[in-house]
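Note sheet for the following structure.
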Amino acid sequence: MGAGIRILAALLALLAAAGGGMMRCAAQQLSQNYYDTICPGVEKIVRDAVTLKVQQTPVAVGATVRLFFHDCFVQGCDASVIIVSTGNNTAEKDNPANKSLAGDGFDTVIQAKAAVDAVPQCANMVSCADILTMATRDVVALAGGPEYPVELGRLDGLSSTSASVDGNLPPPSFNLDQLTAIFAANNLSQADMVALSAAHTVGFAHCGTFADRIQPAAADPTMDPGYGSQLLAACPPGVDVNVAVDLDPETPKVFDNQYFINLQKGMGLLGSDQVLYADVRSRPLVDNWAANNTDFLAAFAAAMTNLGRVGVKTDPALGNIRRDCAVLNG
C-alpha cells in the first residue's frame with residue numbers, strides 16, 4: 001500500500017509539472033525566436049512587404065512608428081488601434097486623439113499581414129500586434145535607424161473602444177513632469193521618454209498641433225524666431241486643417257539624431273518636443289544624444305524594446321490571433 005501511494009504521488013507530481021508546463025505555454029513570455037518553428041522566416045516576409053510599402057509611400061515610416069506608439073499606450077501593444085468602428089462601437093482609431101494617424105501606417109500592417117498569411121504554414125499564425133512590432137522596427141531601419149532584435153509572442157486584443165484612449169496619450173502641450181508621469185505609468189523611464197520622443201525625427205504634424213506656439217502676439221519664447229516665421233508662413237491663420245509640416249525640418253526622411261540638434265537650436269516643432277531642452281533636468285540627455293548619434297540609436301533601440309513590452313497579452317484568455325487585423329474575430 002505504501003509503495004502504491006508513493007507511485008501515485010509521483011504520478012500526480014508529474015501531472016502537476018506537466019500541467020504547469022501547459023500553463024506556461026498558454027501564457028508564455030515574449031521571445032526573439034517565438035516564430036522559429038511556427039512561421040520560419042516571418043521577419044523576412046514582413047521586412048520585404050514593409051520595404052515595398054516604404055518604397056511606394058515614404059511617409060509610411062513616420063506613420064507606422066506613430067501607430068505603434070498610439071497602440072502600445074492604450075491597452076498595451078495589442079493592435080487594438082487598428083480595429084475599425086462598428087454600428088454599436090466607436091473604436092480607438094476614431095477617438096479625436098487618433099484621427100490624425102495616417103492611413104499609410106495601417107496599410108503597412110495590412111500589407112505585411114497579407115504577405116505573412118500568403119504562406120500556408122503561417123496563415124493566421126502570426127498576430128497583428130507582432131506584425132506591427134516588426135513593421136515598426138523595419139521602417140526605422142529602412143530610414144537609417146537601428147535594426148534591433150524584436151521580442152515576439154504577443155496576442156491581439158479582444159476589444160477596442162474610443163473611451164479607452166482618453167487620458168492615455170500625451171498631448172503636445174505636456175510639460176516634462178507630465179510627460180515623465182505618463183511614460184512612468186507604462187513602466188518607461190524618463191530616458192526612455194526622451195529617446196522615444198526622437199521618433200519625431202521622421203513624420204509630420206498638422207498645423208493645429210503647434211499653432212499656439214507661432215502666433216505673433218504670443219509666440220513661444222523657446223522657439224527660434226526664424227523657425228517660427230517659417231511655420232507661420234506654412235500655417236497661416238485659417239489654414240486647412242489637413243495641412244501638415246515635417247517634424248524635423250532638416251533631415252525629415254532620415255532617422256537620426258538631428259531631432260536633438262534641432263532642439264538645441266529652438267527648432268522643436270511641438271511644445272512637448274522643445275520642453276526636453278528647455279527643462280534643465282532633461283537637457284543633458286538632449287545634449288549627449290545631439291553629440292553622439294551612435295549613443296542615441298542604441299538608446300532608442302532599448303527604449304523601443306521596453307515600449308514593446310507594455311501591456312502585452314500572451315494568455316489566450318486575454319487575446320487571440322486576429323484573422324483580419326481591422327476586425328475582431330467573430
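Along the sequence shown, residues are numbered consecutively beginning with 1. All values reported here derive from a predicted model rather than from experimental measurement.
- Side chain of Asn257 to backbone of Ala290: a donor-acceptor contact under 3.5 angstrom is found.
- Arg154 contributes no side-chain N or O that, together with a main-chain N or O of Leu30, makes up a donor-acceptor pair within less than 3.5 Å.
- In this structure, Lys265 forms no cation-pi arrangement with Tyr227, as its terminal cationic atom is not both closer than 6.0 Å to the ring centre and no more than 45° off the ring axis.
- What you find for Ala102 and Ala63 is that their closest heavy atoms are CB-CB, 3.7 Å.
- Judged by distance alone, with hydrogens and angles left aside, the side-chain atoms of Ser127 form a donor-acceptor pair with the main-chain N or O of Asp130 at under 3.5 Å.
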Residues Asn95, Asp166; criterion side chain to side chain donor-acceptor pair (under 3.5 Å); working and verdict: CA-CA 8 Å; Asn95 183 281; Asp166 296 335; 2.9 Å; yes
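- Atom-to-atom distance recorded for His70:NE2 and Asn168:CG is 11.5 Å, nearest 0.5 angstrom.
- Salt bridge absent: Asp287 and Arg283 never bring a charged side-chain N and a carboxylate O closer than 4.0 Å.
- Contact annotation: the side chain of Arg281 approaches that of Leu176 to within less than 4.5 Å [non-hydrogen atoms, C-beta and beyond].
- Side chain of Ser80 to main chain of Ser160: no donor-acceptor pair is present (N/O by atom type, distance under 3.5 Å, no hydrogens or angles).
- Atoms CG and OG1, on Asp138 and Thr64 in that order, are 9.5 Å from each other to the nearest 0.5 Å.
- Atom-to-atom distance recorded for Cys325:SG and Ile82:CD1 is 5.0 Å, nearest 0.5 angstrom.
- Counting heavy atoms from C-beta on, the side chains of Leu276 and Tyr259 come closer than 4.5 Å.
- When the side chains of ILVMFWY residues are joined at heavy-atom separations under 4.5 Å, either directly or via intervening members, Val165 and Phe73 end up in a single hydrophobic cluster.
- Through ILVMFWY side-chain contacts below 4.5 Å, Leu318 is grouped with nothing and stands alone.
- Side-chain contact check for Asn262 and Asp248: at least one donor-acceptor pair (N or O, by modelled atom type) lies under 3.5 Å.
- The shortest non-hydrogen separation linking Ser282 to Val194 is CB-CG2, 4.4 Å.
- With a 4.5 Å cut-off on side-chain heavy atoms, Arg137 and Met304 do not count as touching.
- A donor-acceptor contact shorter than 3.5 Å is absent between the side chain of Gln190 and the backbone of Thr180.
- No hydrogens or angles considered: nothing links the side chains of Asp94 and Ser162 as a donor-acceptor pair under 3.5 Å.
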Test Leu328 against Ile83 for side chain to side chain contact (heavy atoms under 4.5 Å, CB included), laying out the working first. CA-CA 7 Å; Leu328 296 174; Ile83 295 292; 3.7 Å; yes
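- Taking each heavy atom of Thr222 and Ala278 in turn, the nearest pair found is CG2-CB, 4.1 Å.
- At least one donor-acceptor pair under 3.5 Å links the side chain of Arg322 to the backbone N or O of Gly157.
- Asp192 places a side-chain N or O within 3.5 Å of a backbone atom of Ser189 that can act as its donor or acceptor partner.
- Asn187 has its side chain out of reach of Asn306: every pair of non-hydrogen atoms, C-beta onward, lies at least 4.5 Å apart.
- To the nearest 0.5 angstrom, Ile45 atom CD1 is 4.5 Å from Cys39 atom SG.
- When atom types are taken as modelled, the side chain of Asn329 and the backbone of Arg323 share a donor-acceptor pair closer than 3.5 angstrom.
- The hydrophobic clustering, which links ILVMFWY residues whose side-chain heavy atoms are closer than 4.5 Å, places Leu67 and Tyr148 together.
- In this structure, CD on Gln258 lies 10.0 Å from CG on Leu263, to the nearest 0.5 angstrom.
- The only member of Phe260, Phe300, Tyr277 that meets ring-ring contact (aromatic ring centres under 6.0 Å, His included) when paired with Trp289 is Phe260.
- A side-chain donor-acceptor contact under 3.5 Å links Lys313 to the backbone of Gln75.
- By the rule that hydrophobic residues join a cluster once side-chain heavy atoms approach within less than 4.5 Å of another member, Ile261 and Leu247 end up as members of separate clusters.
- Heavy atoms only, all atoms of each residue included: Thr161 and Glu92 are closest at O-CG, 3.4 Å.
- Side chains of Leu132 and Lys113 form no contact here, defined as non-hydrogen atoms less than 4.5 Å apart.
- Arg47 has a carboxylate O that lies under 4.0 Å from a charged side-chain N of Glu147, or vice versa, which qualifies the two as a salt bridge.
- Counting heavy atoms from C-beta outward, Leu269 and Leu231 have side chains that approach closer than 4.5 Å.
- The main-chain N or O of Thr37 is found under 3.5 Å from a side-chain atom of Gln121 such that the two form a donor-acceptor pair.
- To the nearest 0.5 Å, atom CG of residue Leu101 and atom CZ of residue Arg66 are 5.0 Å apart.
- When hydrophobic clusters are built by joining Ile, Leu, Val, Met, Phe, Trp and Tyr residues whose side-chain heavy atoms come closer than 4.5 Å, directly or via intermediates, Val65 is not grouped with Val59.
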For Val139 and Lys53, run side chain to side chain contact (heavy atoms under 4.5 Å, CB included): C-alpha distance rounded to whole Å, both residues' side-chain angles, the deciding distance at 0.1 Å, then the answer. CA-CA 9 Å; Val139 295; Lys53 173 63 182 178; over 6 Å; no
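- The closest side-chain heavy-atom distance from Asn186 to Cys72 is not below 4.5 Å.
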Audit row: Leu307, Phe68, side chain to side chain contact (heavy atoms under 4.5 Å, CB included) steps and yes/no: CA-CA 9 Å; Leu307 175 60; Phe68 181 63; 3.7 Å; yes
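- Annotation: side chain of Leu152 is in contact with side chain of Glu43 (closest heavy-atom distance under 4.5 Å).
- Taking each heavy atom of Pro40 and Asp36 in turn, the nearest pair found is CG-O, 3.2 Å.
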Steps toward side chain to side chain contact (heavy atoms under 4.5 Å, CB included) verdict (Ile321, Val126): CA-CA 7 Å; Ile321 294 177; Val126 182; 5.9 Å; no
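- In this structure, Ala191 and Leu285 approach most closely via the heavy-atom pair CA-CD1, 3.8 Å.
- Put simply, Phe255 and Leu270 are part of two different groups of oily side chains (I, L, V, M, F, W, Y) that touch within less than 4.5 Å, one to the next.
- In the model, Asn242 has a side-chain atom that pairs as donor or acceptor with a side-chain atom of Asp240 under 3.5 Å.
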